[in-house]
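Everything numeric here is computed off the predicted structure, so don't read it as measured data. By convention here, the first residue in the shown sequence is residue 1.
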Amino acid sequence: MSDRKPKPPATPPTPAISDAELVVMKAVWDRAPATANEIVAALAGSAEWKPKTIHTLLGRLVRKGAVACDKTGRTHQFRPLIAAADYAHAASRSFLGRMFDGRVAPFLACFIERADLSPAEIAELRRLLDGPKKP
């Protein structure tokens with residue numbers, strides 16, 4: 001008998017989501033569960049897309065495994081299969097890997113040197129970098 005612990009199931013990789021798909025994905029995150037018509041209505045003011053385009057983007061997100069579609073009669077309800085925070089983390093790590101060899105410090109230095117940060121933003125960054133205060 002082995003003393004090895006079973007490995008936890010591997011987390012599936014976060015799907016690659018295009019900029020257009022991300023606009024739709026944000027609407028799904030904000031409204032889930034939501035019908036296709038609700039998502040189309042939500043994007044009416046911000047995206048100059050026809051409903052067919054939004055339906056196409058929803059279909060792509062379903063095929064990529066980012067969104068689930070539950071059909072009840074003629075109604076399709078969409079819900080995210082990945083959390084917004086998980087996607088943001090994966091996208092951030094991907095960007096850091098491509099641009100800064102995965103290193104956070106050079107990214108922050110590049111960003112801070114060119115950003116016009118308010119004193120409140122600087123204080124927030126300091127708080128985050130210092131981490132939680134120990135009792």
query: Backbone N or O of Glu121 within a donor-acceptor pair of the Ser118 side chain at under 3.5 Å?
result: yes

- request: Report the C-alpha separation of Leu117 and Phe111 in whole Å, then their side-chain angles, then the decisive distance to 0.1 Å, and conclude whether the side-chain contact (heavy atoms from CB on, under 4.5 Å) test is met.
  value: CA-CA 10 Å; Leu117 299 174; Phe111 180 77; 4.2 Å; yes

CZ on Arg79 to SG on Cys69, rounded to 0.5 Å: 9.5 Å

statement: All heavy atoms of His55 vs all of Ala36, minimum pair found to be CE1-CB, 3.5 Å

task: Dump the intermediate steps for side-chain contact (heavy atoms from CB on, under 4.5 Å) on Ile39 and Leu58, then the final yes or no.
output: CA-CA 9 Å; Ile39 295 167; Leu58 281 167; 3.9 Å; yes

Check against side-chain contact (heavy atoms from CB on, under 4.5 Å), Thr14 and Ile82: CA-CA 8 Å; Thr14 303; Ile82 57 174; 4.1 Å; yes

task: Would you please name every residue forming a salt bridge (Lys or Arg N to Asp or Glu O under 4.0 Å) with Arg103, sequence neighbours left out?
output: none

message: For Tyr87 and Trp29, take the angle between the two ring planes, folded into 0 to 90°, and tell me which bin it lands in: parallel under 30, tilted 30 to 60, perpendicular over 60.
response: tilted

query: Do any N or O atoms from the side chain of Thr53 and from the backbone of Trp49 form a donor-acceptor pair under 3.5 angstrom?
result: no

query: Is it the case that one hydrophobic cluster holds both Val104 and Leu129, taking links as side-chain heavy atoms less than 4.5 Å apart, direct or via other members?
result: yes

- prompt: Does Leu81 share a hydrophobic cluster with Val67, counting links as ILVMFWY side-chain heavy atoms below 4.5 Å and allowing steps through other members?
  reply: no

- prompt: Can you tell me how far the NE2 atom of His76 sits from the OG1 atom of Thr35, to the nearest 0.5 Å?
  reply: 11.0 Å

- line: Here the pair of heavy atoms bringing Ser92 nearest to Ala88 is OG-O, 2.7 Å

message: Out of the candidates Leu61, Val24, Val62, only one should pair with Phe78 under the side-chain contact (heavy atoms from CB on, under 4.5 Å) rule; please name it.
response: Val62

Ile17 to Leu22 - nearest heavy-atom pair and separation: CG2-N, 3.5 Å

- prompt: Can you find a side-chain donor-acceptor pair between Arg98 and Ser94 that sits under 3.5 Å?
  reply: yes

- prompt: In the single-linkage hydrophobic clustering (I, L, V, M, F, W, Y; side-chain heavy atoms under 4.5 Å), do Phe95 and Ile112 co-cluster?
  reply: yes

Any pair counted as salt bridge (charged side-chain N to carboxylate O under 4.0 Å, His left out), so long as it reaches residues 16-42, sequence neighbours left out: Glu21-Lys64

message: The test is side-chain contact (heavy atoms from CB on, under 4.5 Å); show your working for Leu96 and Arg93 and say whether it passes.
response: CA-CA 5 Å; Leu96 283 174; Arg93 297 307 300 176; 3.9 Å; yes

